[in-house]
*Asks:* 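Handing you a structure now.
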Amino acid sequence: MIEVKNISQSYVKGGHVKTLDDVSLTVREKTVTALVGANGAGKSTLLGAMSNVVQTMSGQVLLDGVDVRKIKTSEVAKKIAFLKQIQQISIRITVNDLVEFGRFPHCGGRLKDIDKQKVNEALDYMMIGDLRDRFLDQLSGGQRQRAFIAMILAQDTPYIFLDEPLNNLDIKYSVEMMKIVKKLVTELDKTIVVVLHDINFASAYAGHIVAMKDGKILSEGYPDKMITKEVLNPTFDHDFHIIDHDGKRVCLFFDHNQ
Amino acid sequence: MIWKRIIMSVLFIGLVIASIMIGSFADMNLATLRAGDENAWLVFWHSRVPRTAAIVLSAAGLSVGGLIMQAISRNKFMSPGTSGATDAAALGLLLAFIYLPTNVAITIGRLVIPAGVVQTALAFVFALVATIIFVMIINKLKIREVVYIPLLGMMYGGMIAAVSSAIAFHHEAIQMLNAFNLASFARLGHFEMIYIVTIPLIFVVFYATKFSIIGLGADFAKNLGVHYDRVVFLGLCIISLISAAVFVSVGPLPFVGLIIPNMATTIYGDNLKKSVIDLMMFGAVFVLFCDILSRLIIWPFEMNVSVTVSLLGGAIFMVYLIRGMSSGRVRQSKTA
């Protein structure tokens, strides 16, 4: 279980002030939780703080009841996998190398049989076993993204945090990615927190939505409660138009009055 | 993969033998060695073997140092030579020559430290401080443009070199500084310092996976429970020690730390754990070849090895860059 208790943070990164203001949150188990909000709302900072990559100024994050800062980093890495947006990487490694890196917290770089088995399982689950000897720069965007998820799976953590996984992906790969995310919850019982920019992806694939603004959590709840004018308009400072489509809510965010 | 390794090993062994057998002392050959000729064996043990060992170690060291620098800065155009390490090592060595006795051991109490060790230590400390400052600068600036980092590094190195020149000028040691800056495997002085390179190389073999992981970025490393800052610091120590030991014993070998990692990774990939031995061999083969060339061209005299390394390495790197650019264009048009 992950509980965030009254964390605050403020720092400057790349000319922008990043803040979290007394944020508390209990991550719902075995669900996809989507963090939504405008740029600078603190979504990524919260995710970073929850996985102990970003240091907080006050408050604490409890992982199974223990302050995450008091746990060895290699132990945290066995519980929480944190993947930043899948970026262009300059180093030349194969899919197999990348997925083997996922076993690092467990074996420290010297792979045993169990580690090799986990690597094979992760590759098979993501259906990229035949690509294992290819270099990452030889893959398509969708294949590369599968490779990174396979690495996270090999890391074998109950919690998976994804920071803007849909950035730089076109629509086809974005949908594919969110389907995979949902499958990880239903088939492998993972608990996933994901930062999303597109509210419609949150509406369609998340089981829980957390709306953030100016470093605070405005509201949280099930998608049908969250995808409403009352919640979204103040979160994004924008007038939304919500329609029902096959039982899912869809937001129209362009100016429909003109 | 296995074939690449076999071919490279055969080349390596062949060049090592050639490097040992070629030289100005014509009476050293297989026949005289087998006959147990005292002079031949003397040349073998005191001239040829140390020289070949120095070539292999300095080339392997600079190749590995370059790859680690590229992982730390996440930039393929970085090397110990473009991050201030080499220039700072030169400054350290210059100060050691000016202010400390150069050929006698220094005694502190009962401890006797050979002058070569003191010089290497000073060069190491300067290189380490310079690279730490440089890495702090590039991390602070968060530069996205790939070319700015090596440009900044070259300017930074140029500034350190200018300070060295100023100090050398003040102490009338310009000639000495110029002599440092020409690499030679026939250098007099503290040649044995090159064996220090084995220490950082052993560290690299043990920490190979960690260095590959930090090449994927701080957040990526932290996610896997790797202490990013500690590994970067260890990496900078390794780079500095290699740069210092090579500089003190051989001198600056231009391009080696830049081109060898780049060429080796296109063949073997960047997973250091798998490729570190191949990388070292690749570097050694290149420098052995350059050295043999520089000994044969005006035989029985020899050319400065920096000259052949610069000419050959520069040409190879230019071809590599141009080919990389055109293949990069192909890749871009494919994804578009």
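Source: prediction; values computed, not measured. Per chain, numbering begins at 1; letters A, B, ... match sequence-line order.
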*Asks:* Would you say B/Ile6 has more than 12 foreign heavy atoms packed within less than 6.0 Å of its CD1?
*Replies:* yes
*Asks:* Does atom NZ of B/Lys4 have more than 12 heavy-atom neighbours, drawn from other residues, nucleotides or ligands, at distances under 6.0 Å?
*Replies:* yes
*Asks:* Please check if the number of heavy atoms outside B/Phe203 that lie under 6.0 Å from its CZ is greater than 12.
*Replies:* no
*Asks:* Crowded around B/Met159 CE? As in, over 12 foreign heavy atoms under 6.0 Å?
*Replies:* no
*Asks:* Between A/Ala77 and B/Leu224, which heavy-atom pair has the shortest distance, and what is it?
*Replies:* CB-C, 3.7 Å
*Asks:* Relative to chain A, which segment of B/Ser275 carries a heavy atom at a distance below 4.5 Å: side chain, backbone, both, or neither?
*Replies:* neither
*Asks:* Distance from B/Ile213 atom CD1 to A/Phe104 atom CZ, nearest 0.5 Å?
*Replies:* 4.5 Å
*Asks:* Tell me, for A/Val53 versus chain B, whether the close heavy atoms (under 4.5 Å) come from the side chain, the backbone, both or neither.
*Replies:* both
*Asks:* A quick test of your reading: do over 12 heavy atoms of other residues, nucleotides or ligands sit less than 6.0 Å from OH of B/Tyr207?
*Replies:* no
*Asks:* Could you check which of A/Glu75, A/Lys78, A/Met151 has the highest count of heavy-atom pairs closer than 4.5 Å to chain B?
*Replies:* A/Met151
*Asks:* Short question: side chain of A/Lys84, backbone of B/Asp219 - any donor-acceptor pair under 3.5 Å?
*Replies:* no
*Asks:* Can you check whether A/Phe161 reaches B/Asn223 side chain to side chain, under 4.5 Å on heavy atoms?
*Replies:* no
*Asks:* So does A/Asp113 have more than 12 non-hydrogen atoms from other groups sitting under 6.0 Å from CG?
*Replies:* no
*Asks:* Measuring heavy-atom distances to chain B, does A/Phe135 have an atom under 4.5 Å in its side chain, in its backbone, in both, or in neither?
*Replies:* side chain
*Asks:* Which answer fits A/Leu98, side chain, backbone, both or neither, if we ask what part of it has an atom under 4.5 Å from a heavy atom of chain B?
*Replies:* side chain
*Asks:* Rounded to the nearest 0.5 Å, what's the gap from OG1 on B/Thr265 to CZ on A/Arg92? Could you check?
*Replies:* 7.0 Å
*Asks:* Using a cut-off of under 4.5 Å for heavy-atom pairs, which of B/Asn75, B/Thr209, B/Asp270 has the most such pairs with chain A?
*Replies:* B/Asp270
*Asks:* Below 4.5 Å, heavy-atom pairs only: which of A/Ser51, A/Gly48, A/Pro105, A/Gly102 has the largest tally toward chain B?
*Replies:* A/Pro105
*Asks:* Looking only at heavy atoms, which two atoms of A/Arg110 and B/Lys273 are closest? And how far apart?
*Replies:* CA-NZ, 4.5 Å
*Asks:* Does any heavy atom of chain B fall under 4.5 Å from the side chain of A/Ser140, the backbone, both, or neither of them?
*Replies:* neither
*Asks:* Taking atom OG1 of A/Thr94 and atom NZ of B/Lys274, what is their separation to the nearest 0.5 Å?
*Replies:* 4.0 Å
